[in-house]
Amino acid sequence: YLNGKPQDFYTANIHFGDAASLKPEVFQYQYWYGYTLMKLAKYNKAIIPMRAALKLDQESFNANFYLGFLLKQTNKCAEATPYLQKAIELKDDYSYTYIYLGECLLSLERFDEAEKVSKAGLEHFPENGYLLNQAARSLLFTKHYKESLEYFHKYISKNPGNPNAYYYMG
């Protein structure tokens, strides 16, 4: 069902929804039902089966990551943060986990933590523009201007057409 076509996600969502309601104790049904809802941009609805999946397997990277993502997308960053942190503990080589956790921490004005997360992500992904930008903004908000400028310069060298970087540098 899941080869990327929207109609396939609708069909899969119906089948996984039926399976999840018939056998709520099966992790895969809950997870895939939540995942297909997410792919259909039904974020609030997707949170419910993703939470159910996580209750069944608290060590699932995917369930932690996607629940954190869904909560972030629904403006619940304070709630998303522990799931994204757990996802990094489980698998530290996925750039989007650092990016989404950093975004949440910035939105919560936890700038020191956002800086640490961005820099940790940059250890794995030194060329990642999103992480360079996050590190620069985190440092700016904590008044580490010189180091912030260094990260903005690295970011601009990778993304010269992004006016936001120039805005913060001003």
Side-chain angles (χ1 to χ4, degrees), residues 4 30-31 34-170:
Q30 297 297 332
Y31 170 77
Y35 182 85
T36 56
L37 284 167
M38 178 190 70
K39 293 303 279 184
L40 296 169
K42 297 180 179 183
Y43 299 136
N44 282 313
K45 286 186 177 185
I47 289 170
I48 296 166
M50 202 59 76
R51 278 190 201 279
L54 196 57
K55 283 182 183 176
L56 296 167
D57 183 358
Q58 295 177 356
E59 298 301 308
S60 166
F61 165 79
N62 286 342
N64 277 285
F65 172 77
Y66 284 118
L67 181 56
F69 170 77
L70 290 163
L71 292 165
K72 180 189 89 61
Q73 292 298 99
T74 55
N75 298 313
K76 297 175 184 142
C77 278
E79 195 177 346
T81 299
Y83 298 108
L84 294 168
Q85 288 170 328
K86 178 68 174 181
I88 288 173
E89 289 174 25
L90 294 168
K91 182 179 178 188
D92 67 355
D93 63 348
Y94 190 59
S95 65
Y96 286 102
T97 314
Y98 294 96
I99 292 166
Y100 297 150
L101 178 56
E103 286 177 7
C104 281
L105 293 169
L106 283 171
S107 73
L108 295 168
E109 297 184 4
R110 292 165 53 184
F111 304 125
D112 289 330
E113 291 174 73
E115 175 192 343
K116 288 177 187 168
V117 166
S118 300
K119 286 181 175 179
L122 285 167
E123 288 178 20
H124 294 280
F125 311 98
E127 304 297 312
N128 188 295
Y130 291 109
L131 292 170
L132 289 167
N133 185 298
Q134 276 183 3
R137 288 184 293 142
S138 301
L139 290 159
L140 176 68
F141 297 138
T142 57
K143 301 184 190 302
H144 295 101
Y145 301 119
K146 184 177 178 183
E147 192 177 1
S148 175
L149 277 174
E150 291 170 13
Y151 279 96
F152 276 125
H153 284 292
K154 288 179 194 175
Y155 171 71
I156 289 170
S157 72
K158 309 258 180 265
N159 302 282
N162 187 329
N164 289 329
Y166 298 99
Y167 169 80
Y168 285 111
M169 285 178 64

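Numbering of residues begins at 1 and proceeds along the displayed sequence.
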Taking every heavy atom of Ala135 against every heavy atom of Tyr151, the minimum-distance pair comes out as CB-CD2, 3.8 Å

Got Leu105 and Phe111 here, is their nearest side-chain heavy-atom distance under 4.5 Å? no

Under a 4.5 Å cut-off applied to non-hydrogen side-chain atoms, are Glu109 and Phe141 in contact? no

Pair Thr97, Phe61 - check side-chain contact (heavy atoms from CB on, under 4.5 Å), show working. CA-CA 10 Å; Thr97 314; Phe61 165 79; 3.8 Å; yes

Let me see the working for Glu150 and Lys146 under salt bridge (charged side-chain N to carboxylate O under 4.0 Å, His left out), right down to the final yes or no. CA-CA 7 Å; Glu150 291 170 13; Lys146 184 177 178 183; 5.0 Å; no

Ring geometry between Tyr100 and Phe69 (parallel below 30°, tilted from 30 to 60°, perpendicular above 60°): tilted

Between side-chain atoms of residues 38-52 and protein atoms elsewhere (two or more places apart, or another chain), which donor-acceptor pairs fall under 3.5 Å?
| residue | atom | partner | partner atom | Å |
| --- | --- | --- | --- | --- |
| Arg51 | NH1 | Glu79 | OE2 | 3.1 |
| Arg51 | NH2 | Glu79 | OE2 | 2.3 |

Non-hydrogen atoms of Gln30 and Leu56 that approach each other most closely: CG-CD1, 4.1 Å

Would you name the heavy atoms of Asn128 and Leu122 that are closest together and state the gap between them? O-CD2, 4.0 Å

Lys154/Glu127 under salt bridge (charged side-chain N to carboxylate O under 4.0 Å, His left out): CA gap, chis, key distance, verdict: CA-CA 9 Å; Lys154 288 179 194 175; Glu127 304 297 312; over 6 Å; no

Exercise: do Gln134 and Ser118 side chains pair donor with acceptor under 3.5 Å: yes

Looking at side-chain heavy atoms only, is the closest gap between Cys77 and Leu71 below 4.5 Å? no

Any chance you could measure Lys158, atom NZ, to His153, atom NE2, to the nearest 0.5 Å? 14.0 Å

Would you give the length of the straight line joining atom CD of Gln85 to atom CD1 of Ile88, rounded to the nearest 0.5 angstrom? 7.5 Å

Between Ala114 and Gly102 the two heavy atoms that sit nearest each other are CB-O, 4.1 Å

At what distance, to the nearest 0.5 angstrom, does CG of Leu139 lie from OG of Ser148? 5.5 Å

Are Tyr83 and Phe65 close enough that their ring centers fall under 6.0 Å? no

Show your working on side-chain contact (heavy atoms from CB on, under 4.5 Å) between His124 and Tyr94 and close with a plain yes or no. CA-CA 9 Å; His124 294 280; Tyr94 190 59; over 6 Å; no

Side-chain contact test, heavy atoms from C-beta onward, threshold under 4.5 Å: evaluate it for Lys86 versus Leu67 and give yes or no. no

Close side-chain approach of Asn64 to Leu84, heavy-atom, < 4.5 Å: no

How long is the gap from CG on Asn133 to CZ on Phe152, to the nearest 0.5 Å? 5.5 Å

Answer yes or no: is there a side-chain heavy-atom contact under 4.5 Å between Leu131 and Val117? no

Between the side chains of Glu147 and Lys119, is the shortest nitrogen-to-carboxylate-oxygen separation below 4.0 Å, so that they form an ion pair? yes

Over 60° means perpendicular and under 30° means parallel, so classify the ring planes of Tyr66 and Tyr35, tilted if in between. perpendicular

Heavy-atom count around Lys55 NZ within 6.0 Å, excluding the residue itself: above 12? no

CD of Glu113 to OG of Ser138, rounded to nearest 0.5 Å, is 10.5 Å

Distance (rounded to the nearest 0.5 Å) between Cys104 SG and Lys76 NZ: 12.0 Å

Apply side-chain contact (heavy atoms from CB on, under 4.5 Å) to Lys72 and Leu101, showing your working. CA-CA 9 Å; Lys72 180 189 89 61; Leu101 178 56; over 6 Å; no

Is the number of heavy atoms from other residues, nucleotides or ligands under 6.0 Å of Tyr130 OH greater than 12? no

